[in-house]
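One structure is given here, and the rest of the page talks about it.
Not measured: the values here are computed from a predicted model.
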Amino acid sequence: MRVLVFIMYIILFVGCNSVNRPKKPDNLISKDKMSEIIYDVYIMNSAKGINKTLLENNGILPQEFIYKKHSIDSLQFANSNDYYAFDTEVYEGIINKVKEKIESEKVKYEAINEEELKAEKELREARAKELNKSPKVLKEFKEVKQ
């Protein structure tokens, strides 16, 4: 019985040690382009999570959109992703580029959002001033409020 257990451990150990690096695909996507594709995948997944029906109503299929935008196919992406993912340091570099781009876009859109909120606030204040200048509206408002 001990011999059988020992043989099983040897087979398991030898079987698990044969992890081979994927072959470099003939049509390997460059690291820069791969980071752009992964960025688009993240953005599209976020959009899908927020309002999937809007995408569907406009006839946008997220994966097909990304493949068409970058002139690739699913097999090319999968093979390139497997190749880069095997080397964690290289893949981490690709993902870090994606994170940097997301952060820079976040800062840009937060600034735009702040400007829009400021403009809306100024518009509300201007409308409030106009209402306060009009005695008829103010009188009607006070009567309705009572």
Side-chain angles (χ1 to χ4, degrees), residues 1-134 137-138 140-141 144-145:
M1 182 70 172
R2 295 172 108 184
V3 173
L4 182 61
V5 171
F6 181 73
I7 292 173
M8 292 299 289
Y9 279 120
I10 296 289
I11 291 172
L12 183 65
F13 181 74
V14 171
C16 291
N17 279 338
S18 62
V19 177
N20 297 327
R21 180 182 186 94
K23 289 191 302 184
K24 184 176 180 177
D26 294 334
N27 55 356
L28 181 67
I29 299 170
S30 70
K31 293 175 192 173
D32 290 334
K33 187 170 184 179
M34 194 68 175
S35 67
E36 291 173 19
I37 294 168
I38 292 174
Y39 170 81
D40 286 342
V41 168
Y42 283 0
I43 297 299
M44 194 60 73
N45 283 338
S46 295
K48 217 170 46 173
I50 291 172
N51 200 345
K52 185 177 180 180
T53 55
L54 181 64
L55 292 173
E56 291 172 352
N57 291 341
N58 289 316
I60 297 174
L61 302 172
Q63 286 182 331
E64 290 179 22
F65 175 80
I66 291 169
Y67 297 148
K68 188 175 181 179
K69 177 180 177 184
H70 294 283
S71 301
I72 61 170
D73 59 31
S74 60
L75 182 61
Q76 182 182 11
F77 175 73
N79 288 339
S80 296
N81 195 46
D82 289 344
Y83 180 78
Y84 288 128
F86 188 80
D87 187 351
T88 55
E89 290 177 13
V90 171
Y91 205 66
E92 185 177 6
I94 291 171
I95 297 301
N96 285 337
K97 283 184 183 179
V98 172
K99 286 180 182 178
E100 288 172 9
K101 187 171 181 179
I102 288 173
E103 285 300 318
S104 69
E105 293 291 315
K106 178 182 174 186
V107 169
K108 183 173 100 176
Y109 287 113
E110 284 177 346
I112 291 171
N113 189 39
E114 286 178 26
E115 287 179 24
E116 288 177 351
L117 290 174
K118 184 179 175 182
E120 286 177 16
K121 182 180 177 184
E122 290 173 358
L123 182 61
R124 280 193 304 267
E125 288 174 356
R127 287 182 180 162
K129 285 181 183 178
E130 286 298 317
L131 284 175
N132 288 337
K133 287 181 182 177
S134 173
V137 173
L138 188 57
E140 290 175 5
F141 178 73
V144 171
K145 195 173 181 182

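Atom OH of residue Y67 and atom NE2 of residue H70 lie 11.0 Å apart, to the nearest 0.5 angstrom. Rounding to the nearest 0.5 angstrom, the gap separating the CD1 atom in I95 from the OH atom in Y84 is 12.5 Å. Taken from CD1 in I66 to CG in N45, the straight-line distance is 7.0 Å, to the nearest 0.5 Å. Atom CD in E100 sits 13.0 Å away from atom OH in Y39 (nearest 0.5 Å).
Counting only distance, with no hydrogens or angles, the side chain of N81 and the backbone of F77 share no donor-acceptor pair below 3.5 Å. Checking side-chain atoms of Q76 against main-chain N and O of N27 turns up a donor-acceptor pair under 3.5 Å. The backbone N or O of L54 lies less than 3.5 Å from a partner atom in the side chain of N58, making a donor-acceptor pair.
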> Are K118 and E115 close enough, and set up right, to give a salt bridge (Lys or Arg N to Asp or Glu O under 4.0 Å), and what steps lead you there?
Replying inline: CA-CA 5 Å; K118 184 179 175 182; E115 287 179 24; over 6 Å; no
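Side-chain contact between Y83 and I29 is absent, with no heavy-atom pair separated by less than 4.5 Å. A heavy-atom distance below 4.5 Å is found between the side chains of M34 and S80. Looking at K97 and D32, their side chains come closer than 4.5 Å, going by heavy atoms from C-beta outward.
Taking a 6.0 Å sphere around CG of D26, one finds it holds 12 or fewer heavy atoms contributed by other residues, nucleotides or ligands. Within a 6.0 Å sphere centred on NZ of K31, other residues, nucleotides and ligands contribute 12 heavy atoms or fewer. Residue Q63 qualifies as open at atom CD: its count of foreign heavy atoms under 6.0 Å is 12 or below.
The side-chain hydrogen bond (donor to acceptor under 3.5 Å, both in side chains) test applied to K69 returns D40, not counting sequence neighbours.
Of the residues listed (R127, E122, E120), the one engaging R124 in a side-chain contact (heavy atoms from CB on, under 4.5 Å) is E120, and it is the only one.
Taking the charged nitrogens against the carboxylate oxygens, E36 and K33 have no contact shorter than 4.0 Å, which rules out a salt bridge.
Across all their heavy atoms, D82 and P22 have their closest contact at O-CG, 3.8 Å.
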